[in-house]
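For ligands, and for the atoms within them, numbers begin at 1 and follow the listed sequence. In this text the structure is predicted, and so the values were computed from the model without any measurement.
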Amino acid sequence: MTDLNDLTRIRRELHRHPELSGQEQATAERIRSLLEACTPDRLVTRLGGAGLLAVFNGGSDGPTTLIRCELDALPIHERGDHEHRSAIPGCAHACGHDGHMSIILGLAQTLREQRPQQGRVVLLFQPAEEDGQGARRVFHDPRFAPYKPDFAFALHNVPGLPLGEVFTRPGSFNCASKGMIIRLTGKTSHAAHPEDGISPAPALARLMQTLPTLPRQFTESAWVTLVHARLGEKSFGTAPGEAVLMATLRSETNEVMSALSDRACTLAREAAAEAGLDVTFEWEDDFLASVNGQTGFDHVAEACLEIGVPFHRMPEGFRWSEDFGVFTQHAEGAMFGLGAGNVHPQLHNPDYDFPDALIPVGLDVFRTIIRRINGLSASG
Ligand SMILES: [Zn+2]
Ligand SMILES: [Zn+2]
């Protein structure tokens, strides 16, 4: 049996002890002992970092269904006066991953009593979602290979949408995004003789104007957002010799992301060549789009219908990114949004806190999806 009071208590305890991406050891340790109490058939730890995978086998052959949540918190100083506020200065569960973990722990408690009838269910506690690295690391960890899923599902709470209502769509659920760093190198010179150096200033200014207009070349939605720029140093005697420009590229599909990245590089190369500058590129925070399959979408929609959870088919996907797309690239499945309330602090706000009322809803939707795909034995 799942005890909702217990899951809320666990959620608040996780909230009090957040850890940053890639450093989730204590959280993983806490989860490990809670999972062990649910007697999974296998428990894989240190997966792709601090990740954990609890495997619940069915009585006969059938599909592997993966349900995923995230272990990490954010480098944000929590503002709030509730009792369970973060005990770690400068670190907070401001994305609700504490809530997502509690929901999946509730599933583990269900599976302790009711094993799947066929196939198996694997519950993944994924590290490092916020920096876009965790899903890939888990997926490429050789110890994950035996558990590659046929179906994969995940949820994310979404402030600004009605509490406890489900939102998803077939196709792109959220965007691909990528951090681009452009370094332009020329030659410094005395500020009295700028003509003897090569300043990246005009090329930088040009790129700041042209890069954000690139998405107009695409019929699908895309965005280029400048996030940082630097030219030379604070030195009035020196004409600058180098510049850095950073932008976040975003698109609905992985195909457009690859074309958008190519065109951004071409633009920078052209601007650099014209000014006689060298140019180099680096990429960070690389997220694939999360693309829902039709079958995965149907499972979520029909599960909601079955248990009476309000369901909405979204006309378009969310603009934010999530690294769950790594799993749905290889498995049939879907990610869905669970409304966190029309008036609720946004994700990554310092006063955000996961609404505990979502725990039973998320749990019910996942439990129903599992029953539809793998069957659940009678409680006993
Ligand atoms: Zn987040
Ligand atoms: Zn998140």
Side-chain angles (χ1 to χ4, degrees), residues 11 14-15 17-24 27-28 31 48-51 66-80 86 88 90-105 123-138 152-161 166-168 172-179 225 227 248 250 284-290 292 317-328 333-341 344-356 358-359 361-362 365-366:
R11 202 283 291 176
L14 291 167
H15 190 94
H17 304 282
E19 290 177 295
L20 295 177
S21 308
Q23 304 171 21
E24 307 96 335
T27 306
I31 299 291
L66 174 142
I67 312 283
R68 171 275 216 170
C69 63
E70 320 89 321
L71 291 166
D72 55 342
L74 288 152
I76 290 172
H77 195 84
E78 181 165 18
R79 236 194 277 145
S86 173
I88 316 291
C91 185
H93 265 299
C95 206
H97 297 176
D98 50 342
H100 304 167
M101 284 188 270
S102 308
I103 291 170
I104 307 308
L105 284 167
L123 305 180
L124 171 63
F125 291 75
Q126 182 206 300
E129 186 283 323
E130 293 288 353
D131 64 10
Q133 305 205 24
R136 271 192 197 89
R137 283 201 195 132
V138 167
F153 296 91
L155 66 75
H156 208 293
N157 76 97
V158 187
L161 296 177
V166 167
F167 294 78
T168 190
S172 183
F173 174 75
N174 48 24
C175 284
S177 75
K178 209 151 109 171
T225 308
V227 295
T248 303
R250 193 175 298 282
E284 281 184 22
D285 289 17
D286 184 1
F287 290 86
L288 288 174
S290 204
N292 292 341
F318 292 112
R319 279 200 201 173
W320 41 269
S321 301
E322 237 293 337
D323 70 356
F324 184 66
V326 171
F327 298 105
T328 36
M335 187 163 193
F336 59 93
L338 187 55
H344 192 84
Q346 270 304 331
L347 299 176
H348 298 203
N349 276 6
D351 53 346
Y352 171 89
D353 185 30
F354 182 86
D356 289 311
L358 294 184
I359 296 176
V361 187
V365 176
F366 281 137

Atoms named by residue and atom, protein N, O or S, within reach of the Zn ion (ligand 1) (under 2.8 Å): Cys95 SG, Glu130 OE1, Glu130 OE2, His348 NE2
What I'd like to find out is whether the side chain of Ile104 reaches to under 4.5 Å of the side chain of Leu124, using heavy atoms alone. no
Using a 4.5 Å cut-off on heavy atoms from C-beta on, say whether the side chain of Glu70 contacts that of Asp323. no
Return yes when at least one N/O/S atom of His156 is nearer than 2.8 Å to the Zn ion (ligand 2), and no when none is. yes
Taking side chain as C-beta onward, heavy atoms only, is Leu155 less than 4.5 Å from Phe366? yes
Do the non-hydrogen side-chain atoms of Leu20 and Pro75 ever get within less than 4.5 Å of each other? yes
Among Trp320, Phe173, Phe354, Phe336, the one residue meeting ring pair (Phe, Tyr, Trp, His ring centres under 6.0 Å) with His156: Trp320
With heavy-atom distances below 4.5 Å as the criterion, would you say the side chains of His348 and Cys95 are in contact? yes
